[in-house]
2 protein chains.
Amino acid sequence: MAGTQTVRRSPADKHDARRNQLAESALTTLGELGYARTSLREIANNSEFSHGVVHYYFHDKLELIVYCVRYYKAQCVTRYDAVVSDSTSAEGLLDAFAAKLVETLRDEAPMHRLWYDLRTQSMFEESLREAVTMIDATLQEMIWRVVSRYAELADRPTAMAPSAAYAVLDGLFQQALLGHIAGQPEALDSIASQVHGLMPLMLAPAPS
Amino acid sequence: MAGTQTVRRSPADKHDARRNQLAESALTTLGELGYARTSLREIANNSEFSHGVVHYYFHDKLELIVYCVRYYKAQCVTRYDAVVSDSTSAEGLLDAFAAKLVETLRDEAPMHRLWYDLRTQSMFEESLREAVTMIDATLQEMIWRVVSRYAELADRPTAMAPSAAYAVLDGLFQQALLGHIAGQPEALDSIASQVHGLMPLMLAPAPS
DNA sequence: GCAGCGTCTTGACGACTGTCAAGACTTTTC
DNA sequence: GAAAAGTCTTGACAGTCGTCAAGACGCTGC
């Protein structure tokens with residue numbers, strides 16, 4: 001309460017800062033190794049601390065993982081906001097959206113395979129389910145902002161429910177990620193053209 | 001070569017039979033626990049053998065897993081063949097296909113979450129990649145047989161590449177599986193109606 | 001019955017894991 | 001500057017894992 005100036009921060013803030021610092025180290029490790037092969041010692045090795053410190057800031061390994069997942073969400077959710085707000089035509093939005101998809105696929109593949117890993121693990125481990133369900137809903141909203149804005153710019157109503165639109169685009173993205181990681185160079189171009197072909201189908205037929 | 005009658009089988013056949021028997025025990029365990037949490041001892045517990053026998057029939061844990069994945073494929077690949085061959089109209093095929101999707105989702109959820117688990121793990125573990133890529137291609141062909149037959153019956157050309165059609169339907173299926181396992185009762189009805197809405201979009205617009 | 005072979009069990013090994021307690025080091029407080 | 005509180009390291013624990021060697025069991029051919 002008192003003394004929280006620019007330099008000096010409250011102990012609670014510092015505590016949270018350390019948790020975030022550990023979360024970032026953990027996310028790096030998780031993105032490299034995947035959920036199953038990531039140990040607390042390996043996470044600590046990728047940070048500037050020793051392995052015991054994790055239990056000072058997190059009660060559990062699971063608490064750390066869930067914290068990481070939620071922390072990661074905050075970075076994801078605004079990814080396409082610029083695409084939505086900056087586009088002035090349906091075609092322009094589509095191009096920008098596809099380009100952003102390709103960019104995120106190329107630059108953040110480890111984070112995305114981690115997401116798919118965690119989502120799949122939640123089918124086996126109930127403790128992950130709540131966080132995963134919440135993020136999945138957030139991602140669906142994110143996609144829907146793109147699709148509904150696309151419909152608005154095209155002056156045509158949407159022809160698909162938000163959940164279906166998300167599932168379908170997610171399927172394309174996941175396939176592209178798989179191909180990209182497997183070393184197929186055509187995966188990036190492929191996702192772009194597939195998205196260009198698919199998005200118009202999400203709108204009601206144009207009044208011709 | 002000699003003496004292979006109805007009753008007596010060659011040692012090589014018996015060897016293969018044991019491998020398949022172990023593969024089935026392994027698949028049961030993998031479907032319950034997932035790739036990461038499945039140990040060789042647990043697999044052996046779900047069979048009538050002890051944990052050491054695995055190393056008699058398989059060199060590695062990984063060799064067992066890959067063998068399982070390939071073994072599992074043989075059961076998958078013909079799943080929708082009856083749908084394709086028995087349908088006489090586009091609407092009939094669509095209904096049968098959607099019903100089969102719901103049935104497989106309801107009755108074989110563990111096997112499918114295992115498939116998604118292994119496919120995701122292949123993004124981290126290269127040794128799984130070859131088998132996964134091969135199965136993915138086989139599944140894509142399976143889906144394409146459905147879609148192209150659907151187009152044939154509807155007397156309209158397809159408007160989507162095989163890979164896109166597979167990715168899109170796979171996305172819907174995965175979302176439904178996730179919902180179903182998370183205990184959402186509406187997941188089964190939802191996938192049926194979503195597929196009904198999506199499949200017509202895979203064909204070129206009807207000449208009206 | 002005995003040797004030989006294929007099959008399977010048992011028990012052990014080294015490595016790795018999450019967890020936690022004991023204490024060292026640093027910072028804050030009075 | 002001493003005491004107290006907060007922060008971090010070290011080392012150990014119990015457990016699990018994949019792997020493998022040694023040997024037991026059962027079957028076949030002689």
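Chain A is the first sequence line, chain B the second, and so forth, proteins listed ahead of strands; every chain is numbered from 1.
- Taking atom NZ of A/K61 as the reference point, atom P of C/dT17 lies 9 Å away to the nearest angstrom.
- Sorted by residue number, the list of members of residues 113-131 of chain B with any non-hydrogen atom under 4.0 Å from DNA chain D is empty.
- No side-chain donor-acceptor contact under 3.5 Å links B/S87 and B/R149.
- A/R19 is listed as a side-chain neighbour of A/H15, based on a closest heavy-atom distance under 4.5 Å.
- With contacts defined as side-chain heavy-atom distances shorter than 4.5 Å, the pair A/Y35/A/T120 does not qualify.
- A close approach under 4.0 Å does not occur between any side-chain nitrogen or oxygen of A/R18 and OP1 or OP2 of D/dG6.
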Under 3.5 Å, side-chain donor or acceptor atoms of residues 162-169 of chain B against the rest of the protein: list the pairs with distances, not counting sequence neighbours.
unit_1 : atom_1 : unit_2 : atom_2 : d
B/S163 : OG     : A/Q194 : NE2    : 2.8
B/Y166 : OH     : B/D136 : OD1    : 2.6

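- Following rounding to the nearest Å, B/Y57 (OH) and C/dG6 (C1') show an atom-to-atom distance of 8 Å.
- By the salt bridge (Lys or Arg N to Asp or Glu O under 4.0 Å) test, B/R18 is found to be paired with no residue, residues two or more places apart in sequence or in another chain being considered.
- Contact check for A/Y116 versus A/L178: no side-chain heavy atoms found under the 4.5 Å cut-off.
- Dashed line: the shortest gap from a side-chain N or O of A/Y56 to OP1 or OP2 of D/dC8 is not under 4.0 Å.
- In terms of the salt bridge (Lys or Arg N to Asp or Glu O under 4.0 Å) criterion, residue partners of A/K100 (sequence neighbours excluded) are, by chain and number, A/E103.
- One can place CZ of B/F58 at 15 Å from C1' of C/dT7, the figure rounded to the nearest angstrom.
- Within residues 39-53 of chain A, the residues that place at least one heavy atom under 4.0 Å from DNA chain D are, in residue-number order, A/R41, A/E48, A/F49, A/S50, A/H51, A/G52, A/V53.
- Atom NE2 of B/H59 is separated from atom P of D/dC20 by 6 Å (rounded to the nearest Å).
- Between A/Q21 atom CD and D/dT7 atom C1' there is a gap of 13 Å when expressed in whole angstrom units.
- Between A/Y35 atom OH and C/dT17 atom C1' there is a gap of 13 Å when expressed in whole angstrom units.
- Rounded to a whole Å, the CZ atom of B/R37 is 13 Å from the P atom of D/dG18.
- One atom, CG of A/L62, and another, C1' of C/dT19, lie 14 Å apart when rounded to the nearest Å.
- No side-chain donor from either of A/H51 and A/N45 sits under 3.5 Å from a side-chain acceptor of the other.
- Within the structure, side-chain hydrogen bond (donor to acceptor under 3.5 Å, both in side chains) contacts touching residues 22-32 of chain B (residues at least two apart or in different chains) are B/E24-B/Y71, B/T29-B/N46.
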